[in-house]
Amino acid sequence: MDSLTQIVLGAACGEVVAGKRLGNRAMLWGAVGGTIPDLDVFATFFTDEIASTSFHRGFMHSFLFAVTAPWVLAQLTRWFYHNGIYRLRGYKLWAMIIWLVFFFGAAAAINFVPVLMGGELNWYVLAPTLVLGVLFAGKLWKEYWRRDLSQVEAPYRTWVLLFFLSIFTHPILDCFTSFGTQVWQPFSDYRVQWNTISVVDFLATLPFGLFLLAASFFQRTARPRAWLNWAGIVWFCAYIGIYAGYHKVNANRIFEQTLRDKGIHYQRYMTNPSIFNNIVWYGVAETDTAFYFGMYGFNDRREQFAPLSVIPKRHELLKGIPENNRAFHFLRWFSNGYYSVHPYNGDTLQVNDLRFGLMGDSLRGNNYVFPFLLFKNEKGEWDTAQNNRNRSSVKTSERSFGELWERVKGGYHCVANPVRRSIKTIKMRQRIITAVFFAAAMLAGVYGGKGPFMILCGVIIAGCLWEFLGLLLPEEPGKKFRRIWGIVVAMLPLLPIVENVFYFQPGMVYLLVLLTFGSFVIELFFSSKSPFQNIAYYLAGFFYVCFPFVFLDWIASGVESGYAPNRVFGLLLLVWTNDTMAYFVGSQLGKTKLFERISPKKTWEGTIGGGICTVLIAWGLSFWIKDFSTPQWLALGGVAAVFGTLGDLVESMLKRSFGVKDSGNLLPGHGGMLDRFDAFVFALPFYWLALQML
């Protein structure tokens, strides 16, 4: 897979082997081990394209390399620490530069993927990555550059095992993709390819990385560190082995059925997930004279690969080229025989590797993902080079990424007389995927330490405010700017309040005055029909969304260590238990409406059932989280049941007054951020009051 995924996997392996002995250094060296096999790409600087492409995922991805290289790497690492090289200023400077370049490169990739898929930059993705970048740079400066690094002691066998596990898992993971991995080199150039996951799949990698990041904030012997690391590993293995494997089996079944329905007699076929996801798959089937290409998404309305494009083989165009020719042999080997040919320019031919499919769901011009040119070089010999980096290919890619993203989200609808799948099933799948990713992000933020916790709160507040102001502010020119300004004005007072309720630095007071009264001035420059209402909305956003988080900070900070993640997790669990169980009990037993004018679906039966389950969970938490007494936990459960429900009703009243179902669409299948945190935010002040009274 992509290098970032391999780094995360290698780091997790390093933590498993030596985390308790080496701390974050185990993750660092595991990440290095996970990267080493991919260094074979540097062969492109020393040889031609055929040799470098053949070498990639060759010997350095073999089992033999994984068994032999760790012994050498372990010896070099011991020499590195024994001679104190890791403490030299010059080395530390270059190490910092490399890590910063890598971090901001990964951040840029994450932010610009939506642009490639036809969208635009999103502030709620860009802002957190910039904040994380600043925090990362600060941590490097404080904890790495300025600190006198401690002595590192680990047995030789520990280093060997660390490098073996991080390197050995690299080719195993690559076998799941369609590129192929030559694990048996140098004895065989056979490439193992299971075609179950894309070379880049953010849903597999990001939760894994967040778990690992959260683990890195704990002391090396702390239990949560190991739990979080193993949680990431379990997530990743389950995604690749169970989720993607289940999709592979279904994709094969549906593709075979599609070919039978069309009366196509094929020799062989293959299926593979499309780039960046595991929802939309493509299939390629070979017949005597042509290949059939089609795509299917698990959100489609019909279980059928559609549309189905016919791609003539045209292998007869290669008759003039000797079969033992180096370039010709390479193309047949690399494509595993899944290739088509068409004239390109003069005697130059284009050979298309169909294992990687098309850019889009149908054949449109020259939209092959992996085309090669077969031409005569200056020596008069047949040679080859990739042909997917020209300007027209880039434009085709942008359009196709946009179409792919739309199909991932909404499925394929343009089928005559479709047999509709259950909309409820599709939405449930979407809700589950979002819920798992959301839960991983929440756990990483809560258990990552005080810094990640504050960042998580900032992201939640900003997302809720964006939706809140989006509902209240009128549709007028400058609305987007007003929403951003409202977020800044509402969030800024939190900074001094969180640190000390009654302490304001003079500089902060100046800034508060400027922003608050600046709101009046800004409204002068917009031709709004209700300027003072807009200003009032900014203040309403502060009291409704921002201020309750002050109470969360007070509750979470009331310990000697300065931060108690278990408290935060417990409070979240109580509110979400109440919400979830009220829904399930109400859907099965609910008859008596609770507040039909505001929320027609809420019932007294569901509310009472959710409250009982919440109090029971609170009682169970009292045995695990000893920060609060049993009476306090029971009181918190009652608060979650009563005031969480009221908070949900208040937000329903807000949405009903504006005639919308959801506050936003930031969380696919779940609506907006405000929809998910309305009950929690409303309950926070009453959580604090309950603790003060007991």
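Sequence positions, counted from 1, serve as the residue numbers for this chain. Treat the numbers as computed from the prediction; the structure is a model and nothing was measured.
In this structure, CE on Met673 lies 5.5 Å from CD1 on Ile460, to the nearest 0.5 angstrom. Separating the CG atom in Leu616 from the CD1 atom in Ile612 is a distance of 7.5 Å, to the nearest 0.5 Å. In this structure, CG in Leu674 is found 6.0 Å from CD in Glu467, a value given to the nearest 0.5 Å. Atom CG of residue Leu573 and atom CZ of residue Phe680 lie 11.0 Å apart, to the nearest 0.5 angstrom. Between the CZ atom in Phe643 and the CG atom in Leu636 there is a gap of 12.0 Å [rounded to 0.5 Å]. Taken to the nearest 0.5 Å, the OH atom of Tyr537 stands 15.0 Å off from the CG atom of Leu465.
No hydrogens or angles considered: nothing links the side chains of Tyr239 and Asn278 as a donor-acceptor pair under 3.5 Å. Remark: the Asp2 side chain and the Thr5 side chain contain an N/O donor-acceptor pair separated by less than 3.5 Å.
Among pairs with a residue in residues 208-232, those fulfilling salt bridge (charged side-chain N to carboxylate O under 4.0 Å, His left out) read Glu15-Arg225, at least two apart in sequence or across chains.
For the pair Glu651 (side chain) and Asp678 (backbone), a donor-acceptor distance under 3.5 Å is absent. At least one donor-acceptor pair under 3.5 Å links the side chain of Arg483 to the backbone N or O of Trp466. A donor-acceptor pair under 3.5 Å is formed between the side chain of Ser198 and the backbone N or O of Phe276. Distance alone, capped at 3.5 Å, is enough to place a donor-acceptor pair between the Thr603 side chain and the Gly606 backbone.
Contact of the Asp300 side chain with the Arg407 side chain is registered, since non-hydrogen atoms from C-beta on lie closer than 4.5 Å. Side-chain contact check for Tyr447 versus Asn566: some heavy-atom pair is nearer than 4.5 Å. Leu574 is listed as a side-chain neighbour of Tyr687, based on a closest heavy-atom distance under 4.5 Å.
Between Glu605 and Val585, the shortest heavy-atom distance links the atoms O-CG1, 3.6 Å.
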Verdict with supporting geometry, Trp624 and Phe569, ring-ring contact (aromatic ring centres under 6.0 Å, His included): CA-CA 12 Å; Trp624 173 39; Phe569 174 76; 5.8 Å; yes

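Atom CD of Gln219 has 12 or fewer heavy atoms from other residues, nucleotides or ligands within 6.0 Å.
In this structure, Phe628 has its ring center closer than 6.0 angstrom to the ring center of Trp633.
The aromatic rings of Phe551 and Phe547 sit perpendicular, their planes meeting at an angle over 60°, well past the 30° parallel limit.
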